[in-house]
Protein chains: 2
Amino acid sequence: MLPYKELARLDKLVHEPARLAVLTALSACTLAEFLFLQELTGLTKGNLSSHLAKLEKGGLVAIDKHFLRKKIPQTTIRITSEGRAAVENHWKQLDSIYATIQQQGAHSDKQSPRNGS
Amino acid sequence: MLPYKELARLDKLVHEPARLAVLTALSACTLAEFLFLQELTGLTKGNLSSHLAKLEKGGLVAIDKHFLRKKIPQTTIRITSEGRAAVENHWKQLDSIYATIQQQGAHSDKQSPRNGS
DNA sequence: AATAACCAGTTTGCGATATAGACTTTATTT
DNA sequence: AAATAAAGTCTATATCGCAAACTGGTTATT
């Protein structure tokens, strides 16, 4: 498949910047607390919460809530094996496409991007 | 800046898959016709048209229309120097972030993604 | 005790977005 | 003449990303 077609078809659940940041951060650790993830990514609480819900719905993360104190929640998030595969595959796809387009070089003909395959 | 924070702040005008495909394709050639771009990316005409409008508005592409026949347009698209810089920089950012997270390795501690700087 | 401030996270409303089918006007084919 | 196709834009729709408002609690202050 043409790299451009492949690009246009990237999985948006993973590709969206905020979620790509979350998944990438989570793939670098075993477990993360909500506040820690918020700090790592710079997202607002509302934003992070929405994105985590989307990722959980997509099966890419698992969310646990427990209560260390009476009723104060503490939410921890893990990436699932499906999520880990998805984000690693995503980065590999991007890397592969980038390598392909770099082989084409800067000089190019009118309306004729070369395929570096 | 933490790579995750940088990820979450990626420029969405460029990062959106359809537009990343368009800009990347255009950076590999001097000029492209609308239909050719449509073929390269696999987008529908309506979709491609909307994305091109957005890119033009953002100054990343220039669109020319001429009429080979009476009133049937023939649209050609060029990437601007600003657009070329934007998409190249975008790919470099992704590549750099990817290299950074790869240095962290697969093994990681609970809630402690290491920074590979 | 009453009140205020803070906490961790969710919910909500809003403006923006991506998408493809409908549309326009002309050319080509039957 | 009628039917179909062309090149691209316009439009309606569903979904999205976002942060402020909210919730149900705890802690701090008066």
Side-chain angles (χ1 to χ4, degrees), chain A residues 4-23 25-26 31-58 60-78 111, chain B residues 4-23 25-26 31-58 60-78 111:
Chain A
Y4 313 111
K5 203 164 274 182
E6 199 180 338
L7 264 181
R9 286 180 145 131
L10 287 172
D11 182 357
K12 294 231 195 127
L13 179 62
V14 178
H15 192 70
E16 160 59 35
R19 292 193 296 275
L20 185 56
V22 166
L23 286 174
L26 288 175
L31 193 73
E33 286 172 18
F34 184 96
L35 295 180
F36 180 64
L37 256 191
Q38 189 196 347
E39 198 171 315
L40 281 189
T41 60
L43 299 170
T44 60
K45 289 182 177 184
N47 207 359
L48 179 56
S49 183
S50 294
H51 284 300
L52 285 176
K54 248 184 181 319
L55 290 171
E56 184 181 36
K57 189 178 178 186
L60 307 190
V61 302
I63 299 174
D64 285 310
K65 302 174 208 280
H66 28 275
F67 300 83
L68 295 187
R69 309 203 193 138
K70 281 245 171 92
K71 283 204 170 160
I72 298 179
Q74 195 169 40
T75 306
T76 55
I77 304 100
R78 281 186 303 109
Q111 186 156 305
Chain B
Y4 313 112
K5 203 163 275 182
E6 199 180 338
L7 264 182
R9 287 182 145 128
L10 288 171
D11 181 357
K12 293 227 193 139
L13 180 61
V14 177
H15 192 69
E16 159 60 34
R19 292 193 295 274
L20 185 57
V22 166
L23 287 174
L26 287 175
L31 195 73
E33 285 172 19
F34 183 95
L35 294 181
F36 181 63
L37 257 191
Q38 189 197 347
E39 197 171 316
L40 281 189
T41 60
L43 300 170
T44 61
K45 289 182 178 183
N47 206 0
L48 178 57
S49 184
S50 293
H51 284 301
L52 284 176
K54 247 184 178 327
L55 290 170
E56 184 180 35
K57 189 177 179 188
L60 306 191
V61 302
I63 300 175
D64 286 311
K65 302 174 206 280
H66 27 274
F67 298 84
L68 296 185
R69 308 189 193 155
K70 280 240 169 90
K71 285 212 169 142
I72 297 180
Q74 195 168 40
T75 306
T76 55
I77 304 100
R78 278 187 305 106
Q111 187 155 305

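Chain naming here is simple, since letters A, B, ... match the order of the sequence lines and numbering starts at 1 in each. No experiment lies behind these values; they were computed from the predicted model shown.
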N/O-N/O pairs, protein side and nucleotides 18-21 of chain C side, under 3.5 Å:
unit_1: C:dA18; atom_1: OP1; unit_2: B:Glu16; atom_2: OE1; d: 3.4
unit_1: C:dA18; atom_1: OP1; unit_2: B:Arg19; atom_2: NH1; d: 3.1
unit_1: C:dA18; atom_1: OP1; unit_2: B:Arg19; atom_2: NH2; d: 3.1
unit_1: C:dA18; atom_1: OP2; unit_2: B:Arg19; atom_2: NH1; d: 3.0
unit_1: C:dA18; atom_1: O3'; unit_2: A:Lys12; atom_2: NZ; d: 3.1
unit_1: C:dT19; atom_1: OP1; unit_2: A:Lys12; atom_2: NZ; d: 3.3
unit_1: C:dT19; atom_1: OP2; unit_2: B:Asn47; atom_2: OD1; d: 3.1
unit_1: C:dT19; atom_1: OP2; unit_2: B:Asn47; atom_2: ND2; d: 3.0
unit_1: C:dT19; atom_1: OP2; unit_2: B:His51; atom_2: NE2; d: 2.9
unit_1: C:dT19; atom_1: O5'; unit_2: B:Asn47; atom_2: ND2; d: 3.1
unit_1: C:dA20; atom_1: OP2; unit_2: B:Thr44; atom_2: OG1; d: 3.0
unit_1: C:dA20; atom_1: N7; unit_2: B:Asn47; atom_2: N; d: 3.3

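Considering all non-hydrogen atoms of both residues, A:Ala21 and B:Tyr4 come closest at CB-O, 3.3 Å.
In this structure, B:His66 contributes its side chain and B:Thr76 its backbone to no donor-acceptor pair below 3.5 Å.
When rounded to the nearest whole Å, the span between NZ of A:Lys65 and C1' of C:dC7 equals 15 Å. Remark: P of C:dG9 and CD of A:Gln38 are 9 Å apart, rounded to the nearest angstrom. In this structure, A:Glu39 places its CD atom 15 Å from C1' of C:dC7, rounding to the nearest Å. Across the protein-nucleic acid pair, B:His66 atom NE2 and C:dT26 atom P stand 19 Å apart, rounded to whole Å. To the nearest angstrom, P of D:dG24 lies 21 Å from CD of A:Gln74. Counting to the nearest Å, the P atom of D:dG17 and the NZ atom of A:Lys57 are 12 Å from each other. Per the geometry, CZ belonging to B:Phe34 stands 14 Å off P belonging to D:dA6, to the nearest Å. Atoms CG (B:Leu13) and C1' (D:dG17) sit 16 Å apart, rounded to a whole Å.
B:Leu48 comes within 4.0 angstrom of nothing in the nucleic acid, heavy atoms only.
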Residues 31-40 of chain A side chain polar contacts: donor-acceptor under 3.5 Å, at least two apart:
unit_1: A:Glu33; atom_1: OE1; unit_2: A:Gln74; atom_2: NE2; d: 3.4
unit_1: A:Glu33; atom_1: OE2; unit_2: A:Gln74; atom_2: NE2; d: 3.3

Enumerate, atom names and distances included, each donor-acceptor pair closer than 3.5 Å involving a side-chain atom of residues 51-58 of chain B, sequence neighbours excluded.
unit_1: B:His51; atom_1: ND1; unit_2: B:Arg19; atom_2: NH1; d: 3.0
unit_1: B:His51; atom_1: NE2; unit_2: B:Asn47; atom_2: OD1; d: 3.1

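Comparing the start and finish of the helix from C:dA1-D:dT30 to C:dT30-D:dA1, five pairs each, the helix axis swings through 20°, to the nearest 10 degrees.
Under the salt bridge (charged side-chain N to carboxylate O under 4.0 Å, His left out) criterion, B:Lys12 pairs with A:Glu16, sequence neighbours left out. Considering only residues two or more places apart in sequence or on other chains, A:Glu6 meets the side-chain hydrogen bond (donor to acceptor under 3.5 Å, both in side chains) condition with A:Gln93.
For the atom pair CG of A:Leu60 and CZ of A:Arg78, the computed distance is 12.5 Å after rounding to the nearest 0.5 Å.
Here the side chains of A:Thr75 and A:Asp64 are not in contact, with every heavy-atom distance at 4.5 Å or above. Two residues are said to be in side-chain contact when any heavy atoms from C-beta on lie closer than 4.5 Å; B:Val22 and A:Leu7 fail this criterion.
Look at B:Ser49 and you won't find any side-chain N or O under 4.0 angstrom from OP1 or OP2 of D:dG8. Look at A:Thr75 and you'll find a side-chain N or O under 4.0 angstrom from OP1 or OP2 of C:dG9.
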